[in-house]
Amino acid sequence: SHSYPLVVALYGASGRAYSAYALASPVLRKRYPVFVMVPLEPKRAYWARPKNKDSIGLPWSLSYPDYIPNVMAAIHDVERQTAIDKSHIYMTGHSLGGMGTIGALIRYPETLAGGIVTAGTWDASEGGFIKGQSVASCHAADDRSYRISVMRAFVETARRAGAHPVYTELKRGGHGVCAAFYNSPRLWQWLLMQKRG
């Protein structure tokens, strides 16, 4: 019996899980057969936030507790019922979903083998915690929602701690431009080569 990787796609405030759309395209479906899971979150919740919430200047305060523990529980449910290769479980996300992806990679390294973050953000002082995790990230220098300076600092801290994030910076295009990052077959080839354990 054959098992397949699982890609968990977190959406941002737009509600669009760009990575899931990309993986559903005929070219990528044929080349990279994977299970894709797009969890829903309550309207008043973040996926995940850093301990120091002021460090990233969040655009609004939401009342619910972070939702990523529920997503992890759902992953384990799906894992029990489906032919998923447990050493190839990944998370991806844009904007708020990118922030949630970083939080999940930091907090659940025993489950996740790597991730892709587009236009995300996280507290730079926690950058060292993604050591040992494979993460690719894309950010635009003119992003007005999540400042580039915060992501640069996070990546820098991660590198100093011995992590090897794959970081792509675009000069312009704003908060949405990196959504197209997911259409790259080479990016998925890289991600699916990452293995846990």
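Atom set for the values below is all heavy atoms of this structure, side chains included, hydrogens, waters and symmetry mates excluded. Keep in mind the model is a prediction, meaning the values are calculated, not measured.
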Exercise. Apply the test side chain to side chain contact (heavy atoms under 4.5 Å, CB included) to residues Met37 and Ile84: give CA-CA distance (whole Å), side-chain angles for both, the deciding distance (0.1 Å), then the verdict.
Key: CA-CA 12 Å; Met37 177 177 161; Ile84 285 165; over 6 Å; no
Quiz prompt | Arg49/Asp66 salt bridge by N-O under 4.0 Å criterion | solution = yes
Practice problem: Verify, without hydrogens or angle tests, whether Tyr90 (side chain) and Leu192 (backbone) share a donor-acceptor contact under 3.5 angstrom. | Solution: yes
Quiz prompt | Polar side-chain atom of Asp142 near backbone of Gly173 as donor-acceptor pair, under 3.5 Å | solution = yes
Quiz item: How are the rings of His175 and His94 set to each other: parallel, tilted or perpendicular (split at 30° and 60°)?
Solution: tilted
Quiz item: Would a 4.5 Å heavy-atom cut-off, applied to side chains only, mark Leu112 and Gln133 as touching?
Solution: yes
Practice problem: Drop me the distance from Thr92's OG1 to Trp188's CH2, to the nearest 0.5 angstrom. | Solution: 5.0 Å
Self-check item: For Ile68 against Ala104, the heavy-atom pair lying closest together
Solution: CG1-CB, 3.8 Å
Exercise. Rounded to the nearest 0.5 Å, what's the gap from CZ on Arg31 to OG on Ser25? Could you check?
Key: 9.5 Å
Practice problem: Indicate the atoms forming the closest heavy-atom contact of Leu28 with Ala22, along with that distance. | Solution: CD1-O, 3.3 Å
Exercise. Quick one: sort the Tyr21 and Tyr18 rings into parallel, tilted or perpendicular, breaks at 30° and 60°.
Key: tilted
Self-check item: Verify same cluster id: Ile102, Tyr108 (apolar side-chain graph, 4.5 Å)
Solution: yes
Quiz item: Does NE2 in His76 sit with more than 12 non-hydrogen atoms of other residues, nucleotides or ligands closer than 6.0 Å?
Solution: yes
Quiz item: Step by step, would you call Tyr4 with Thr82 a side chain to side chain contact (heavy atoms under 4.5 Å, CB included)?
Solution: CA-CA 9 Å; Tyr4 295 92; Thr82 322; over 6 Å; no
Self-check item: Close side-chain approach of Leu62 to Lys43, heavy-atom, < 4.5 Å
Solution: no
Exercise. Treat each ILVMFWY residue as a node, draw an edge where side-chain heavy atoms are under 4.5 Å apart, and state whether Leu6 and Tyr32 are in one component.
Key: yes
Quiz item: Can you find a heavy atom in the side chain of Phe35 that is under 4.5 Å from one in the side chain of Ser3?
Solution: no
Quiz item: How about Leu96 and Tyr46: do any of their side-chain heavy atoms sit closer than 4.5 Å?
Solution: yes
Exercise. Could you tell me if the ring centre of Tyr11 sits under 6.0 Å from that of Trp47?
Key: yes
Practice problem: Answer yes if Tyr64 and Leu10 sit in the same cluster of Ile, Leu, Val, Met, Phe, Trp and Tyr residues linked by side chain heavy atoms under 4.5 Å apart, and no otherwise. | Solution: no
Exercise. Check the surroundings of atom NZ in Lys53: do more than 12 heavy atoms from other residues, nucleotides or ligands lie under 6.0 Å from it?
Key: yes
Practice problem: Of all the heavy-atom pairs spanning Ala48 and Gly103, show the shortest one and how long it is. | Solution: CB-CA, 4.1 Å
Quiz item: Between Glu41 and Val71, is a side chain to side chain contact (heavy atoms under 4.5 Å, CB included) present by the stated rule, with each step listed?
Solution: CA-CA 9 Å; Glu41 67 170 346; Val71 174; over 6 Å; no
Practice problem: Treat each ILVMFWY residue as a node, draw an edge where side-chain heavy atoms are under 4.5 Å apart, and state whether Leu105 and Met193 are in one component. | Solution: no
Exercise. Evaluate the side chain to side chain contact (heavy atoms under 4.5 Å, CB included) criterion for residues Asp143 and Met151: first the C-alpha distance (whole Å), next the side-chain angles of each, then the deciding distance (0.1 Å), finally the verdict.
Key: CA-CA 11 Å; Asp143 187 327; Met151 201 59 199; over 6 Å; no
Quiz prompt | Exercise: identify the closest heavy-atom pair between Leu170 and Cys178 | solution = CD1-SG, 3.9 Å
Practice problem: Any chance you could lay out the side chain to side chain donor-acceptor pair (under 3.5 Å) test for Thr118 and Tyr182, step after step, and finish with the verdict? | Solution: CA-CA 9 Å; Thr118 53; Tyr182 293 112; 3.1 Å; yes
Quiz prompt | Least distance between heavy atoms, Ala24 atom then Arg29 atom | solution = O-CD, 3.3 Å
Quiz item: Is there a donor-acceptor pair under 3.5 Å between the side chain of Thr101 and the backbone N or O of Gly93?
Solution: yes
Exercise. Could you tell me whether the side chain of Arg172 and the main chain of Ala140 form a donor-acceptor pair under 3.5 Å?
Key: no
Self-check item: Heavy-atom check, side chain of Arg152 versus side chain of His139, under 4.5 Å
Solution: no
Quiz item: Say you draw a straight line from CG of Leu191 to CD of Gln189; how long is it, rounded to the nearest 0.5 Å?
Solution: 11.0 Å
Exercise. Can you measure from OG (Ser19) to CE (Met91) and round to the nearest 0.5 angstrom?
Key: 10.5 Å
Self-check item: ILVMFWY network linking Val177 to Val155, side-chain heavy atoms under 4.5 angstrom
Solution: no
Quiz item: Which heavy-atom pair separates Ala45 from Pro65 by the least distance, and what is that distance?
Solution: CB-O, 3.9 Å
Quiz item: How many angstroms lie between atom CG of Asn183 and atom CG of Leu23, to the nearest 0.5 angstrom?
Solution: 9.5 Å
Practice problem: Report the distance from atom CD of Glu126 to atom CD1 of Ile106, rounding to the nearest 0.5 Å. | Solution: 5.0 Å
